[in-house]
Amino acid sequence: MPARGRCGCAEPRRLLPVLRWLPRYSLRCLRLDLLAGLSVGLTVVPQALAYAELAGLPLQYGLYSSFMGCFVYCFLGTAKDVTLGPTAIMSLLVSSYAFHEPVYAILLAFLSGCIQLAMGLLHLGFLLDFISYPVIKGFTSAASITISFNQVKNILGLQGIPRQFYLQVYETLRRIGETRAGDAILGLACLAALLGLRAMKSRLRPAARAEPLAARISYLIVWTSATARNALVVLFAGLVAYSFQAMGWQALTLTGSIPRGLPALRLPRFSSTAANRTVPFLAMVQDMGVGLAVVPLMGLLETVAIAKAFAAQNNYRIDPNQELLAMGALVLLSLAYLTSLFYYIPKAALAAVIIAAVGPMFDAGIFSRLWRVKRLDLVPLCVTFLLCFWEVQYGIVAGVVVSGVLLLYSIARPPVKVWEGDVLLVQPGSSLHFPAIESLRDMICSHALAAASAPRCIILDCRHVSSIDYTVVVGLAELLRELRTHGISLAFCSLQDPVLQVLLSADLEGFQHFPSREEAEWCGGAEPGSSEAATFSSSSQSSLLPSGLLQ
């Protein structure tokens with residue numbers, strides 16, 4: 001009974017991490033978290049407006065999504081450094097699948113949450129492992145370019161530019177003569193300021209306590225300015241726009257009015273009305289299509305990847321703190337009291353915020369690194385990268401498919417080493433599964449039967465084989481019969497226990513196994529080690545792929 005009681009107490013703490021850290025929370029932590037929340041909030045508010053613009057939604061939806069996830073995550077989350085809210089990647093995906101309709105965006109978010117919840121309950125998180133690093137890098141690098149160029153129209157003050165990337169490039173270049181000088185000058189100035197402040201922060205050396213007070217205050221001012229650079233730049237741009245408006249000049253394209261306060265808390269609408277017709281729930285789901293798989297998977301992958309990176313960098317086990325509460329409170333205050341001021345924010349300034357935020361997502365070095373380390377991984381990287389410019393979902397799905405094909409090929413054609421001598425020694429380099437058995441049979445038969453003097457015994461060294469399936473068992477039984485008709489015996493050695501149990505259960509005719517290679521060679525009538533006399537190494541992959549790609 002006591003043991004069960006302890007387990008019962010641990011279960012709520014595991015499901016609600018807030019129960020672990022809240023009893024230990026102190027006033028000092030509150031002061032630090034308020035400072036962290038203020039710093040993050042000053043970044044999040046202008047970014048939320050910018051990401052809503054990127055998603056093609058009214059700007060207030062960026063603010064709504066910036067605080068709600070934080071309040072939920074601080075009770076259920078396990079990463080203290082992760083802020084839950086809109087990101088450039090997810091905004092791009094919402095733009096692709098929600099068709100710039102808030103009703104679709106809300107339903108997509110709701111269904112994505114349901115799918116992620118179901119994945120958690122069914123322990124399907126391993127599905128993320130099938131999205132390889134080259135696919136992620138290809139997607140994020142293409143997204144960086146796509147998102148950045150999507151904002152060029154706002155920097156230049158152009159209207160009516162299509163969102164499809166290739167059409168966007170064509171129309172922007174064709175209409176570049178229509179550029180509004182005010183938007184272009186302000187947007188480029190904001191972008192230069194953001195990049196300069198970020199570079200300044202990266203080179204900023206912390207002030208030691210022994211340094212003079214003036215030096216420490218100067219460091220704090222510079223650090224605060226660089227950290228809150230989004231808010232400062234947007235505030236400056238807003239003041240410029242307000243000044244122009246006060247003088248009667250319409251030199252800048254403005255954000256416009258944003259509703260004050262919060263929307264009603266209710267379930268999403270499961271139907272939509274457009275052009276005097278009602279779109280039912282199933283039709284909306286069909287419209288969103290593959291987005292219902294891509295959005296929850298990519299959202300989960302992005303959050304998990306960032307959380308793991310912070311945990312490894314800061315050497316802690318994933319654990320939440322109150323920083324998210326303070327940040328969410330600042331966004332709420334913005335919704336309550338500051339929305340009227342957002343009217344004067346120029347779109348060019350928000351575009352600069354987005355471009356500065358997504359620029360580092362483009363990793364030019366990944367191409368050279370993969371060329372140097374594993375050239376074959378360039379295939380899913382390039383496929384994902386190129387197709388994402390057409391449609392995001394096509395790029396991701398194609399990249400996953402290509403990665404899967406390469407993975408299946410390595411399973412279907414595992415590396416095999418062959419030593420020829422008095423006996424033929426064959427050593428697979430990995431486990432054997434059904435796509436590989438025919439290739440293995442052909443390799444053994446070609447070496448055993450094509451030789452001028454066929455060996456009396458073949459030894460299959462299975463030290464690297466940790467699992468086999470029934471198709472492999474059937475293939476081995478056929479191989480035993482085929483070799484026996486030519487007067488050749490087949491012996492197994494160094495079998496791991498799971499593999500040995502499978503083969504013994506199959507009751508193969510003529511099956512014989514030995515604990516070591518030496519015993520198998522001795523029983524085969526050869527001197528131990530004689531198979532080392534002439535060595536032939538082969539990798540079945542090299543027969544179909546250029547050798548350079550296998551590096």
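Basis for what follows: all heavy atoms, side chains included, without hydrogens, waters or symmetry-related copies. Positions are given from 1, in the same order as the sequence printed here.
- In this structure, F139 has no ring-ring contact (aromatic ring centres under 6.0 Å, His included) partners at least two apart in sequence or on a different chain.
- Between the side chain of S446 and the backbone N or O of M443 there is at least one donor-acceptor pair closer than 3.5 Å.
- Between D363 and R369 there is a salt bridge, since a side-chain N of the basic residue sits under 4.0 Å from a carboxylate O of the acidic one.
- In this structure, the side chains of F492 and L476 come closer than 4.5 Å at one or more pairs of heavy atoms.
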Pair up each side-chain donor or acceptor in residues 95-111 with any protein partner under 3.5 Å, not counting sequence neighbours, and list the distances.
{"unit_1": "S96", "atom_1": "OG", "unit_2": "L92", "atom_2": "O", "d": "3.1"}
{"unit_1": "Y97", "atom_1": "OH", "unit_2": "Q393", "atom_2": "OE1", "d": "3.2"}
{"unit_1": "H100", "atom_1": "NE2", "unit_2": "R163", "atom_2": "NE", "d": "3.0"}
{"unit_1": "Y104", "atom_1": "OH", "unit_2": "D287", "atom_2": "OD2", "d": "2.7"}

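- Exactly one of I411, I468, T471 qualifies for a side chain to side chain contact (heavy atoms under 4.5 Å, CB included) with F434. That residue is T471.
- Residues satisfying the salt bridge (charged side-chain N to carboxylate O under 4.0 Å, His left out) test with E391, not counting sequence neighbours, are none.
- Counting only distance, with no hydrogens or angles, the side chain of S141 and the backbone of G138 share no donor-acceptor pair below 3.5 Å.
- The list of ring pair (Phe, Tyr, Trp, His ring centres under 6.0 Å) pairs with a residue in residues 464-485, not counting sequence neighbours, is empty.
- Listed by chain and number, the residues in a ring-ring contact (aromatic ring centres under 6.0 Å, His included) with Y394 are W390 (sequence neighbours excluded).
- Judged purely by atom type and a 3.5 angstrom limit, D461 uses its side chain to pair as donor or acceptor with the backbone of R463.
- Screening residues 482-493 for salt bridge (Lys or Arg N to Asp or Glu O under 4.0 Å), with sequence neighbours left out, gives R441-E482, R484-E509.
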